[in-house]
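What follows is one structure encoded as structure tokens, with my remarks underneath.
The structure displayed is predicted, hence computed values, not measured ones. Each chain gets a letter, A, B and so on, in the order its sequence line appears, and its residues count up from 1.
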Protein chains: 2
Amino acid sequence: MSPTNAPAGAVRQGSLRELNLALVLGRIAAADRPPSRADLATATGLTRATVSAVVEDLLAGQLVDEADPAPRAGAGRPARGLVLADQGPAGLGLEINVDYLAVCVVDLAGQVRHRTVHRADLRPVAPTEALARLVAMAGQARADAARQGLTLAGAALAVPGLVDGAGLVRLAPNLGWHDVPVPALLAGHPPLTEQVPGVPALVVDNEANLAALGELHSRPPGPASFLHISGEVGIGAGIVLNGALFRGVRGWSGEIGHLPVHPQGRPCRCGGQGCLEQYAGQEAIVAAAGLARAELPADTATARLAELAEAGDAGALRALHDAGTALGVAVAGVVNLLDLDTVVLGGGYAPLAPWLCPPVLAEIAGRVLTAAWSPVTVRPATLGAEAAAVGAAGSVVRQIVARPAGWLARSG
Amino acid sequence: MSPTNAPAGAVRQGSLRELNLALVLGRIAAADRPPSRADLATATGLTRATVSAVVEDLLAGQLVDEADPAPRAGAGRPARGLVLADQGPAGLGLEINVDYLAVCVVDLAGQVRHRTVHRADLRPVAPTEALARLVAMAGQARADAARQGLTLAGAALAVPGLVDGAGLVRLAPNLGWHDVPVPALLAGHPPLTEQVPGVPALVVDNEANLAALGELHSRPPGPASFLHISGEVGIGAGIVLNGALFRGVRGWSGEIGHLPVHPQGRPCRCGGQGCLEQYAGQEAIVAAAGLARAELPADTATARLAELAEAGDAGALRALHDAGTALGVAVAGVVNLLDLDTVVLGGGYAPLAPWLCPPVLAEIAGRVLTAAWSPVTVRPATLGAEAAAVGAAGSVVRQIVARPAGWLARSG
DNA sequence: CACTATTTGTTCAACGATTGAATTATTTGC
DNA sequence: GCAAATAATTCAATCGTTGAACAAATAGTG
């Protein structure tokens with residue numbers, strides 16, 4: 001691709017070490033087997049001397065550990081493998097959703113080291129109260145992390161709504177939130193994490209964005225481009241391009257639920273007509289399947305739908321087929337526009353993927369010009385429930401791996 | 001690419017200078033007034049000593065020139081302004097389209113220093129012959145560039161079709177091209193440009209992509225995200241995200257013409273139904289306006305349409321309104337998905353923009369959730385005809401500005 | 001068991017680029 | 001004519017990488 005990297009900033013002496021710290025640590029994170037210093041030297045193009053010096057810094061900063069050497073055939077001094085440290089920095093992930101609060105801690109290697117979920121209907125709960133509960137859960141998570149030798153270096157909060165760059169939740173319709181300034185509301189509470197240079201104390205982001213990041217994290221590392229669709233009451237999408245989340249000019253990308261699929265069709269609460277949400281949103285599917293509307297909790301409605309489809313219920317099957325077709329029309333447009341090779345069905349769509357994938361694939365095959373040469377994969381998400389919380393925590397450790405100098409420069 | 005087979009990412013001593021060369025040159029290119037060395041030092045964060053050393057390299061390499069100092073109030077030794085050199089490297093832009101061949105030369109500052117257009121119907125012409133004509137035109141361009149003290153450092157070719165990463169034109173339906181290996185066909189001809197490390201000899205890309213790059217180049221520099229729509233017989237789009245063209249996983253992004261706007265609507269030659277092209281493509285508009293189909297040359301058909309609309313012809317106005325509405329449905333989807341703040345109407349749409357913009361804006365207002373907070377601008381392209389050729393040439397000089405070390409490392 | 005080949009990791013002088021302070025250059029204002 | 005002010009260069013010091021030499025540790029071989 002075109003290397004049009006915008007002038008980021010001055011490159012001074014120290015930047016050199018910063019960049020090589022990130023380079024080496026990134027290789028260790030991306031490797032499937034613990035690499036030796038010599039492996040890293042050949043992989044990065046640096047000399048072994050430099051790699052040794054860099055690794056020494058990483059070891060001292062508790063970012064990597066030496067592991068048992070991978071057995072190797074042939075002569076020679078045995079290598080000492082390097083792995084991401086299982087004690088050291090970790091990320092705190094928070095999630096507020098319609099019917100649960102979730103908190104988790106993810107370590108450098110991407111392992112979930114702590115997880116708490118409180119199920120409760122959050123719609124009648126005021127934002128202040130919801131955040132207070134979350135802070136309490138986060139405090140326990142921090143203590144548990146400390147017990148395991150982990151230091152929380154930053155936090156990210158997933159919210160099912162539109163969030164601007166400053167953490168202001170503009171609109172979270174299904175929560176009933178409107179212009180909630182999350183950072184200001186948290187100012188009264190003690191800090192959730194340590195302060196680490198270069199790592200923001202709290203990032204607030206859209207649930208769909210963070211779930212997509214979680215999916216990115218669970219894949220083999222490297223530049224990936226895919227669309228992650230979270231099918232909840234609303235339909236949101238996280239767009240990962242070349243291994244990075246694309247947030248849009250204002251941070252409001254991914255509103256796939258309001259892609260027009262029948263421009264003169266059903267009116268939508270967004271003011272438009274024929275939005276995807278009206279045909280493939282959870283309420284639409286449930287209604288089309290003839291399920292009682294009383295089954296409000298999203299989980300049970302989805303589960304019931306999957307049960308019925310499994311049992312061969314004609315109404316459920318037809319509802320899922322129609323929803324999948326509408327979804328496929330939208331996805332085909334996105335693939336035509338962005339030339340993605342993978343579409344991930346997450347959130348409430350994941351358990352319904354066996355019935356949604358075929359019609360989606362059919363629409364892609366019929367509508368995408370380039371599908372013949374570069375096939376498009378449609379698959380369910382690998383992360384299960386609370387994917388956004390895991391993705392949120394993962395986004396923190398991802399930042400540390402991408403810029404370890406900040407962590408190393410901290411006082412401790 | 002570059003002869004140094006060092007794995008990408010290794011940051012060695014020399015990289016430091018490479019990065020700072022790019023940093024300083026980028027600032028000079030982005031400045032609206034010729035900056036002094038001292039200005040650059042404060043802007044980049046480097047010391048004046050370093051900036052002086054870097055600028056010395058740039059001056060020696062004919063990338064920048066010293067200009068008359070900008071008059072400044074107050075005491076002190078007058079600054080010496082730095083501007084991009086008007087002699088030195090330049091980019092060669094080539095374009096093959098349905099009814100013309102175009103060649104142009106763009107210098108570092110983005111000025112078009114040479115331009116040739118040969119009008120002819122290229123559909124009955126074999127690819128080999130078309131390329132041969134282009135090579136002849138390029139030869140003259142090179143000579144003219146040399147007369148002006150310019151050295152062609154690389155070339156880019158715009159084609160109205162799908163191009164893969166290796167320069168193979170998979171499909172150019174309106175030219176009748178199918179699997180045309182452009183680099184192989186050019187192998188027999190003498191090289192179009194000098195060989196410069198780090199600058200590919202010839203890039204073949206989609207016309208819409210390169211036209212979008214041209215538009216990016218003509219804007220105030222900096223990270224921009226916009227959608228550039230080229231309305232020709234087909235409808236293509238170039239997607240610029242954060243100042244870089246997004247090409248997609250396989251390089252086939254931007255097929256906006258096949259976004260479904262009426263999923264059960266008119267059949268499209270792509271195999272799908274209700275594609276945008278069937279409602280907002282040039283042929284569709286012309287047919288809806290009741291114009292004789294015989295007016296084949298695209299330019300005249302568009303011009304005639306604009307004339308009729310100007311004169312208040314009801315049929316033309318209705319046709320344009322309907323096309324704009326269809327376009328608006330597609331654009332609303334894209335904006336919902338990507339959160340772009342600007343949509344540029346280029347190609348055949350540019351002269352029709354006065355009539356297309358209102359319905360497009362109306363659809364955006366009605367369908368985009370976030371439009372209330374972040375307004376979306378819809379405007380005609382600033383570059384006129386042969387925008388793709390200019391964009392192609394501009395993409396070459398852009399690469400040199402982004403990575404000047406390659407140019408400086410050349411033999412000369 | 002000694003010896004060689006082989007691979008890993010470290011040590012160290014040299015080198016290259018940036019830095020910061022001092023110095024030179026050039027103009028305005030008094 | 002002189003001081004103040006700003007621009008640009010010079011130069012020793014510093015920091016990180018380099019390349020080669022060296023030490024460490026193991027398998028294979030006789």
(message) Assuming nearest nucleotide by heavy-atom distance, tell me which of R37(A) and G76(A) is located more 5' along DNA chain C.
(response) G76(A)
Taking all non-hydrogen atoms of both residues into account, name the closest pair between [X] and [Y] and its distance.
{"X": "S395(B)", "Y": "L210(B)", "value": "OG-CD2, 4.3 Å"}
{"X": "S36(B)", "Y": "A79(B)", "value": "CB-CB, 3.3 Å"}
{"X": "V51(A)", "Y": "R37(A)", "value": "CG1-O, 3.6 Å"}

(message) Can you build the contact string for nucleotides 11-21 of chain C? Use B for base contact, S for sugar-phosphate-only contact, and - for no protein heavy atom under 4.0 Å.
(response) B----BBSBB-
(message) Any salt bridge linking R17(A) with D57(A)? Criterion: basic side-chain nitrogen under 4.0 Å from a carboxylate oxygen.
(response) yes
(message) Within this structure, what is the CG-CG distance for the pair N20(B) and L46(B), rounded to the nearest 0.5 Å?
(response) 4.5 Å
Rounding to an integer number of Å, can you tell me how far [X] [atom1] sits from [N] [atom2]?
{"X": "L59(B)", "N": "dT9(D)", "atom1": "CG", "atom2": "C1'", "answer": "14 Å"}
{"X": "R80(A)", "N": "dT26(D)", "atom1": "CZ", "atom2": "P", "answer": "11 Å"}
{"X": "E18(A)", "N": "dG16(D)", "atom1": "CD", "atom2": "C1'", "answer": "13 Å"}
{"X": "E66(B)", "N": "dA8(D)", "atom1": "CD", "atom2": "C1'", "answer": "10 Å"}

(message) If we ignore hydrogens and angles and just use 3.5 Å, is the side chain of Q148(A) paired with the main-chain N or O of Q87(A) as donor and acceptor?
(response) no
(request) Spell out yes or no: do the side chain of R77(A) and the base of dT8(C) have one donor N/O and one acceptor N/O closer than 3.5 Å? (result) yes
(request) Would you please confirm or rule out a distance under 4.0 Å between OP1 or OP2 of dA8(D) and any side-chain N or O of S36(B)? (result) yes
(request) Show your working on salt bridge (Lys or Arg N to Asp or Glu O under 4.0 Å) between R113(A) and D86(A) and close with a plain yes or no. (result) CA-CA 10 Å; R113(A) 301 285 289 274; D86(A) 63 351; 5.2 Å; no
Sequence neighbours excluded and cut-off under 3.5 Å, please list the side-chain donor-acceptor pairs for residues 195-205 of chain A, or say none.
| unit_1 | atom_1 | unit_2 | atom_2 | d |
| --- | --- | --- | --- | --- |
| D205(A) | OD1 | N209(A) | ND2 | 3.1 |
| D205(A) | OD2 | R247(A) | NE | 2.9 |
| D205(A) | OD2 | R247(A) | NH2 | 2.5 |

(message) Any base atoms under 4.0 Å from R48(A), or only sugar-phosphate, or nothing? Heavy atoms, all strands.
(response) base
(message) What's the closest nucleotide to the side chain of P78(A) if the choices are dT26(C), dT26(D), dG9(C)?
(response) dT26(D)
(request) Starting from the first five and the last five pairs of the helix from dC1(C)-dG30(D) to dC30(C)-dG1(D), work out the angle between the resulting helix axes, to 10 degrees. (result) 10°
(message) Would L108(A) and V64(A) count as a side chain to side chain contact (heavy atoms under 4.5 Å, CB included) here? Give the steps.
(response) CA-CA 9 Å; L108(A) 278 179; V64(A) 305; over 6 Å; no
